[in-house]
Amino acid sequence: MIPIPSYFPLIYLVLTLGISGENQLDIALDCGFQGNQVAGNNRYWTGDINSELFPLELGRNNESITSEAVVQKLTGTDPVPYGTARLSISEFTYTIPVNPGPKFVRLHFYSAEYENFTYSISNAFFSVKAGQYTLLSNFNVSDTAKALNREDIVKEYRVMVAKPSLKITFTPSSSISEGFALVNGIEVVSMPVHLYYPEAINFLRQDIFYSISNTTALETMYRVNIGGRDITADEDTGIFFRKWEGLASEQLCLTVPGRSVLPVLLDSTNLRFTAIPDYMAPETVYQVARSMGNDRELIKKYNLTWEFPVDSGFCYMVRLHFCEISQEINSTGDRVFSIYIANQTAENRADVIRWSGGNYVPYYKDYAVAMFDKEKKKLNLSIALQAHLDDSTSKYADAILNGVEIFKLNDPSGNLAVPNFVEFQQHSWKPENNRATIIGIASGVVCGVVLLICLIGFFILRQGRKAKDSAKFSKTQAVSMSSSFCRYFSLTEIKAATNNFEDISIIGVGGFGNVYKGHIDGGTTAVAIKRLKPESSQGAHEFKTEIEMLSHLRHRNLVSLIGYCNENREMILVYEYMTRETLSNHLYNTDNPPLPWEQRLEICIGAASGLHYLHAGVKDVIIHRDVKTTNILLDEKWVAKVSDFGLSKLRRADLSSTHVSTMVKGSIGYLDPEYYRLQQLTEKSDVYSFGVVLCEVLCGRPPIMRTVERRQISLAEWARSCHQEGTLDQIVDPYLMGKIAPECLNKYGEIAVSCMLDNGAERPSMKEVVWGLECALQLQKKADEDIRLGGETAESNRDGAMGVGCSWEDPSGSIFSDINEIQAR
């Protein structure tokens, strides 16, 4: 870390060309830190302790706590500003001295346990207001981190400040008995008035313009460099410290009947920024673009479509960035295409040359769209490009896009928040040509009125449905079910088992709530007790599904449900206690010793056997829908058991349909891309997820990592690429280096990659996966035995073992004779 003199000013001003000579305010506040320090991107941060920005505190204790994050958690994360935090069970307010005008406000949070702080990070429920705007409501750091699969969280907003100071207030949620608020870092950065506040923008489906006034606040939902790399905060132009998420080419494959297509990536460095100010977007955004290619017949069959999940009940501003960087496209009419946003026509004749005036000149266009559906919390905001196929209209059948920014606009009350973090999905790419229209909003005022009505109706409907679901699964039903299905516990029994839900009994946390270790039957039997919190996205339906599924299932490799409690609005599940917790806890980010390779194989075989039972061992097909290492538990003897059936779906075996049409749910990094694209769930979706699990077990890392180079972010894509290149042995867990027999690694890699094939029909069944893993285990044991006996060399052993012809996909049962032959050698 670079030392900074103690006299370094709290607020430093730099002159920025993009703000017409005005001084740009740049405040980077390191909460819970004393002094000054430099982040990894060479940005200066000032601690709030003993500074003029020390927060004003109100409430029960009138004293917040500063603490350091547990060091072991800071893997791959810059300790500035995430190494320290300010935490409080009372409301506290920062007063930031600023000049009136628009400002970027960024809030930094880190999901970790904090030293010398009593409460668990799972209790961090709080709201945040900046001036008149509500930025966050009942926000939970832990839930959000798990949904995003990363510990560090940045929330970015643009707010208009009318006074010479900006008050940012953090308020713990009153509904949580031990709730608290925390913040690791705060940024306040000046911005030009016209940067994200255009005078008027096109409101879709209306021949009017939607005005963004100087009282409008915006939240950044997405900022994407299409086809390009990530752009870090220190690479941003104009000193605004914006981050752009890159979309790598390997993530953007588009399936077309009979062919797999990768849209063309255009690259150029001949940009001219004379047409627009240089702070509109980094130069690298306009250097790379995505187009549809040159196959005119193929282009007729699909659109370029991205889908971005957004919160229902708000209006959004969509900014599309363009730059013609192809030397062939140099005149008006060369490339004309249509643009659809949220299935509404945004442009019938988009022509970037006509808009910008020539090649290599950056250009952007803004649109406003209303996203309302009182039945849903999340909606997909789609952006689709369609080429003009008429030669008289466009010389080339093609379309182009460089970048996308999507901003949520506040409702009439100044609110930008939705209660807690509901659901997260990656933006995706799929073939779609849906031009269905939605009702347009006549003006900004009408938009606000409709929004308010929809929000009120949404929450009333939501509460009504919760009550209805609860009524459908009442205590009366629970008692009647207990005798035939599983045991019913009273709330008094549950409280006795957990010593009234004391924190020391917590053994796990998640979006559903806490998991406690308890003791029943007079303290003789240890159990795991999952207590669903009321605001959890895993509600009454999932609770009922879990009971119905597990009550009827009995298998060595499925976790056993002992009973449940449904009393006084409490939804509680009681499971057998798994001593060694989750498989994930033994692979990475853990103090547990690494697992030997053969033990890992046996665990995988057990989990695969459990899934095979779900798919083929019961009357109807049960699709788990959330297979991941955190849902594979280990007992005292290291027996693997599949758990968490809240998202499971039943497919009737006696019906002709091979899939279940359902809304996409699952976990990022494990989600079957075919299921996401077609919204058709099959048991092969579990197979895909299990393939990702196999990669985790082999490589000892999570399925998604944001701190590595682009091609390594997705473990599934990286493993498939390395397998194809013959370098799979180079990415295994360092602990396993040199300990896996080559023949075993070859077979294991073949299984994992086959599970993750794009076409679900080509993936193996879980029965075939079990066979293959058994074969891999026997190959490993035979190689180890040869080494112990001092027999064959590694090379001859590999040739001999592979000569057996371990055909793991053969359903005839010959696999078992192959294994017997290996054992007999």
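What you see is a predicted model, and the numbers here were worked out from it, not measured in a lab.
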Item to complete: Please name the pair of heavy atoms, one in Ser338 and one in Asn348, separated by the smallest distance, quoted to 0.1 Å.
Response: OG-O, 3.2 Å
Fill in: Reported CG-to-CG distance for the pair Asn225 and Asp230, which is rounded to 0.5 angstrom
8.5 Å
Discussion item. Given 3.5 Å as the limit, does a donor-acceptor pair link the side chain of Arg106 with the main chain of Phe241, or not?
Written reply: yes
Practice prompt. Taking the side chain as every heavy atom from C-beta outward, state whether Tyr286 and Ile325 have any pair of such atoms under 4.5 Å apart.
Written response: no
Practice prompt. Using distance alone, with no hydrogens and no angle criterion, decide if Glu156 and Thr220 have a side-chain donor and acceptor under 3.5 Å apart.
Written response: yes
Item to complete: Using the salt bridge (charged side-chain N to carboxylate O under 4.0 Å, His left out) rule, take Arg720 and Asp758 through it: C-alpha gap first, then chi angles, then the decisive distance, then the call.
Response: CA-CA 11 Å; Arg720 288 199 295 187; Asp758 291 331; 3.2 Å; yes
Worksheet item: If you draw a 6.0 Å radius around NZ in Lys243, do more than 12 non-hydrogen atoms from other residues or ligands fall strictly inside?
Response: no
Item to complete: May I ask you to check whether Phe308 and Tyr222 place their ring centers less than 6.0 Å from one another?
Response: yes
Worksheet item: Distance from Asp398 atom CG to Ser291 atom OG, nearest 0.5 Å?
Response: 4.0 Å
Practice prompt. Under the side-chain contact (heavy atoms from CB on, under 4.5 Å) rule, what do Phe314 and Asn410 come out as? Steps first, then yes or no, please.
Written response: CA-CA 7 Å; Phe314 291 88; Asn410 68 266; over 6 Å; no
Practice prompt. Take Val224 and Trp306 through the test side-chain contact (heavy atoms from CB on, under 4.5 Å) and record every step on the way to the result.
Written response: CA-CA 11 Å; Val224 182; Trp306 294 264; over 6 Å; no
Worksheet item: CD of Glu725: more than 12 outside heavy atoms within 6.0 angstrom?
Response: yes
Discussion item. Is it true that Ser312 and Lys377 share a donor-acceptor pair across their side chains at a distance under 3.5 Å?
Written reply: no
Worksheet item: Which atom pair, heavy atoms only, marks the closest approach of Asp236 to Trp244?
Response: OD1-NE1, 4.4 Å
Item to complete: State whether Asp672 and Lys684 are salt-bridged, where the test is any N-O pair (Lys NZ or Arg NE/NH1/NH2 against Asp/Glu carboxylate O) under 4.0 Å.
Response: no
Worksheet item: With a cut-off of under 6.0 Å to the ring centre and 45° to the axis, is Lys408 in cation-pi contact with Tyr316?
Response: no
Worksheet item: Can you list the residues that meet the salt bridge (Lys or Arg N to Asp or Glu O under 4.0 Å) rule with Arg354, with sequence neighbours excluded?
Response: none
Discussion item. Show, in sequence, the C-alpha distance, side-chain angles and deciding distance for His321 and Glu405, and conclude whether the side-chain contact (heavy atoms from CB on, under 4.5 Å) test is met.
Written reply: CA-CA 8 Å; His321 295 264; Glu405 292 179 274; 2.7 Å; yes
Worksheet entry | Main-chain N/O of Asn759 paired with Glu762 side-chain donor or acceptor, under 3.5 Å | no
Item to complete: Please find out if less than 6.0 Å separates the ring center of His723 from that of Trp718.
Response: no
Worksheet entry | Ile406 side chain near Leu381 side chain, heavy-atom distance below 4.5 Å | yes
Fill in: Check: Cys755 and Pro764 side chains under 4.5 Å, non-hydrogen atoms
yes
Discussion item. Among Glu219, Met221, Met317, which residue satisfies the side-chain contact (heavy atoms from CB on, under 4.5 Å) criterion with Phe407?
Written reply: Met317
Item to complete: Return the minimal non-hydrogen interatomic distance between Ala350 and Glu347, and the atom names on each side.
Response: CB-CB, 4.1 Å
Discussion item. Under a plain distance cut-off of 3.5 Å, with no hydrogens placed, do Thr629 and Glu696 share a side-chain donor-acceptor pair?
Written reply: yes
Worksheet entry | Nearest-0.5 Å distance that lies between atom OG in Ser689 and atom CG in Leu611 | 9.0 Å
Practice prompt. Give a yes or no answer on whether the side chain of Ser721 reaches the backbone of Glu717 with a donor-acceptor pair at less than 3.5 Å.
Written response: no
Worksheet item: Can you tell me if CD on Glu709 sees more than 12 non-hydrogen neighbours from other groups inside 6.0 Å?
Response: yes
Worksheet item: Can you find a pair of side-chain heavy atoms, one from Arg229 and one from Thr284, that are under 4.5 Å apart?
Response: yes
Response to the item:
In this structure, NZ of Lys649 is separated from CD1 of Ile622 (nearest 0.5 Å) by 13.0 Å
Worksheet item: From Asp334 CG over to Tyr396 OH, what is the distance, rounded to the nearest 0.5 angstrom?
Response: 6.0 Å
Discussion item. Can you give me the closest heavy-atom contact between Val369 and Ile341, atom names plus distance?
Written reply: CG1-CG2, 4.4 Å
Discussion item. Using a 3.5 Å distance criterion without hydrogens, assess whether the side chain of Ser754 forms a donor-acceptor pair with backbone atoms of Glu750.
Written reply: yes
Worksheet item: When you check the side-chain N and O atoms of Tyr675 and Arg625, is any donor under 3.5 Å from an acceptor?
Response: yes
Item to complete: Decide, yes or no, whether a salt bridge links Lys378 with Asp373 under the criterion of side-chain N to carboxylate O below 4.0 Å.
Response: no
Discussion item. On a heavy-atom basis, which atom in Met756 and which in Tyr688 lie closest, and how many Å separate them?
Written reply: CA-CD1, 3.5 Å
Worksheet item: Does the side chain of Tyr364 come within less than 4.5 Å of Leu320's, by heavy atoms?
Response: no
Discussion item. Could you tell me if the side chain of Val318 sits less than 4.5 Å from the side chain of Ile383, heavy atoms only?
Written reply: yes
Worksheet item: Hey, are the side chains of Trp355 and Asp351 touching, using non-hydrogen atoms and a 4.5 Å cut-off?
Response: no
Worksheet item: Looking at OG of Ser326 and CD1 of Ile400, how far apart are the two atoms once the value is rounded to the nearest 0.5 Å?
Response: 7.5 Å
Item to complete: Could you tell me whether the side chains of Glu324 and Tyr360 share a donor-acceptor contact shorter than 3.5 Å?
Response: no
Worksheet item: Is there a donor-acceptor pair under 3.5 Å between the side chain of Asn149 and the backbone N or O of Lys146?
Response: no
Worksheet item: When the ring planes of Tyr196 and Phe104 are compared, do they come out parallel, tilted or perpendicular, using 30° and 60° as the limits?
Response: perpendicular
Fill in: Taking every non-hydrogen atom, the tightest pair across Ser394 and His388
CB-CB, 4.0 Å
Discussion item. Run the side-chain contact (heavy atoms from CB on, under 4.5 Å) test on Ile751 and Val769 for me, step by step, so that the C-alpha distance in whole Å, both residues' side-chain angles and the decisive distance to 0.1 Å come before the verdict.
Written reply: CA-CA 7 Å; Ile751 300 165; Val769 172; 4.1 Å; yes
Worksheet item: Side chains of Thr232 and Glu235: do they bring a donor and an acceptor to under 3.5 Å?
Response: yes
Discussion item. For Ile704, is there any backbone N or O sitting under 3.5 Å from a side-chain donor or acceptor partner on Arg150?
Written reply: no
Discussion item. Pairing donors with acceptors under 3.5 angstrom, does anything connect the side chains of Asp626 and Ser667?
Written reply: yes
Practice prompt. Please examine the side chains of Asn402 and Ile226, heavy atoms only from C-beta on, and report whether any two atoms are closer than 4.5 Å.
Written response: no
